[in-house]
Amino acid sequence: MPRPSTPDQFTRRQAAQNAAFLAALRRTGNAREAARALGYNRSTFTKRRAAHPAFAAKWDAALAFASAALNLPSRLREGAGEGSAKNADLPTGTPTTTRTANGRLQLRRPPANRLDHAAEQAFLTALSATANIRLSAAAAGFSHSAFYARRKASPAFAREMRLALEAGYEQVESALLAGSLPGAHDHDEWRHNDPPPIPPMTANQALQLLHLHAKTVHLQEEPPHIKRRRGESSEAHSYRLTAMYEARQALDREAFDLAEAARNERGEPTLTNPYPTPNPVRLPALDQVTGWSKADPTKVAHDPDVALFGGWRLKDRTS
C-alpha cells in the first residue's frame with residue numbers, strides 16, 4: 001500500500017506520475033487528455049494541484065509552454081514595429097484611444113498585427129506563471145520586442161508587467177524551493193547508483209580547494225551586486241550603490257501607493273485621508289413612516305395656536 005502524501009511532499013511514485021503528466025501537459029495543453037494518456041483521471045492531478053502550490057506552479061508553466069508551442073506554427077514572418085510577430089488569425093481587438101496627427105483623440109480598433117488589451121492580458125497571465133518574457137510573448141502570439149516597446153510607451157503596462165514578473169518569480173521560486181525538499185524526489189536518482197571514486201588529490205590541492213570556497217561557504221564574501229567591479233572608481237561605486245538604494249526606495253513607494261489605493265477603495269484610513277467619510281445614513285421618506293405616534297389622528301386639536309408642554313396648556317397671562 002503506497003504511503004500517503006503530506007501537504008509538502010509526494011511519494012516517489014507520485015513524483016514520477018506528476019513528471020509524466022507535466023510532460024504530456026506541455027505537449028497538449030489539455031489536462032484531461034494528458035491524464036487520460038497516462039491512464040488516470042483528471043481529478044487525481046487536480047486534487048494534487050489544490051494541495052501543493054509548487055505542483056500548481058509547474059502546471060501553469062506547462063500550460064504556458066504548450067500555448068507557446070501550439071501558437072508557433074500560426075505565426076508569420078517577423079517584420080518591424082510594435083506587432084512584429086504578425087498573426088492573421090487574431091481577432092480584431094477592442095477600440096483604444098489614439099492621438100491623431102493633428103492632436104485630436106479618437107477611438108480606433110487596432111489591426112490584427114498590433115497589440116490589444118487581450119494580447120496584453122494573455123502575456124501578463126503567462127508571465128505571472130513562468131517569469132519568462134520570450135515564452136509569454138510567444139504564448140500571446142507576438143514577439144518579445146513588441147511587449148518591450150509597449151512597456152516603454154505605457155507606464156501602466158510597465159507597472160503591470162513588473163508585477164506579473166514578480167508574481168512569476170515567486171511562483172518559480174516556490175516551485176524551486178519545494179523541489180529542494182527531501183520528499184520532492186526531483187534530484188535523487190543518483191542515490192540508486194554506486195558513487196564514483198574520488199579522483200586522486202594531494203593534500204595541497206585539497207587545502208587550496210577548501211581555501212577557494214571558504215568565504216562562500218561561511219558567508220563571509222561580499223554580495224556580488226554590492227562588490228566593487230574591476231576598474232570601477234570609488235566615486236562610481238558609491239554612485240551605483242546610491243542609485244540602487246533610490247531604486248529600491250521607489251519600488252517601496254510604489255508598493256505603498258498600491259496598498260493605499262486598495263485601502264482607500266475599501267474605505268479604510270489612509271495616510272492622506274486618516275478620517276474617511278463614513279457611508280451616509282440613508283433614511284426613508286419621513287412622511288411615509290407610520291406607527292411611531294400613539295396620538296389619535298382623527299382627534300381635532302383644542303387650540304392649534306397654543307403649544308403643549310408636558311401635557312399642560314399655557315394660557316395667556318397678564319401681568
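Being a predicted model, the structure only gives us computed values, none of them experimental.
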Salt-bridge contact [X]-[Y] (side-chain N to carboxylate O under 4.0 Å):
{"X": "Asp257", "Y": "Arg253", "value": "yes"}
{"X": "Asp60", "Y": "Arg49", "value": "yes"}
{"X": "Glu232", "Y": "Arg240", "value": "yes"}

Determine whether more than 12 heavy atoms belonging to other residues, nucleotides or ligands lie under 6.0 Å from atom [atom1] of [X].
{"X": "Arg159", "atom1": "CZ", "result": "yes"}
{"X": "Tyr169", "atom1": "OH", "result": "no"}
{"X": "Phe55", "atom1": "CZ", "result": "yes"}
{"X": "Gln208", "atom1": "CD", "result": "no"}
{"X": "Arg32", "atom1": "CZ", "result": "no"}
{"X": "Gln249", "atom1": "CD", "result": "yes"}

Evaluation steps, side-chain contact (heavy atoms from CB on, under 4.5 Å), between Arg229 and His237: CA-CA 8 Å; Arg229 300 170 181 173; His237 182 226; over 6 Å; no
To the nearest 0.5 angstrom, please state how far the [atom1] atom of [X] sits from the [atom2] atom of [Y].
{"X": "Leu127", "Y": "Gln171", "atom1": "CG", "atom2": "CD", "value": "11.5 Å"}
{"X": "Phe142", "Y": "Phe147", "atom1": "CZ", "atom2": "CZ", "value": "6.5 Å"}
{"X": "Asn30", "Y": "Leu25", "atom1": "CG", "atom2": "CG", "value": "8.0 Å"}

If two hydrophobic side chains count as joined below 4.5 Å and joins carry through other members, does [X] share a cluster with [Y]?
{"X": "Trp59", "Y": "Tyr40", "result": "yes"}
{"X": "Leu165", "Y": "Met161", "result": "yes"}
{"X": "Phe157", "Y": "Tyr148", "result": "yes"}

Pair Ser43, Asn41: side-chain N/O donor-acceptor within cut-off below 3.5 Å: yes
Any donor-acceptor pair under 3.5 Å linking the side chain of [X] with the backbone of [Y]?
{"X": "His144", "Y": "Leu135", "answer": "no"}
{"X": "Ser154", "Y": "Arg151", "answer": "no"}
{"X": "Asn264", "Y": "Glu260", "answer": "no"}

Shortest non-hydrogen contact between Ala129 and Val172, atoms and distance: O-CG2, 4.5 Å
Cation over ring face, Arg48 and Phe45, 6.0 Å, 45°: yes
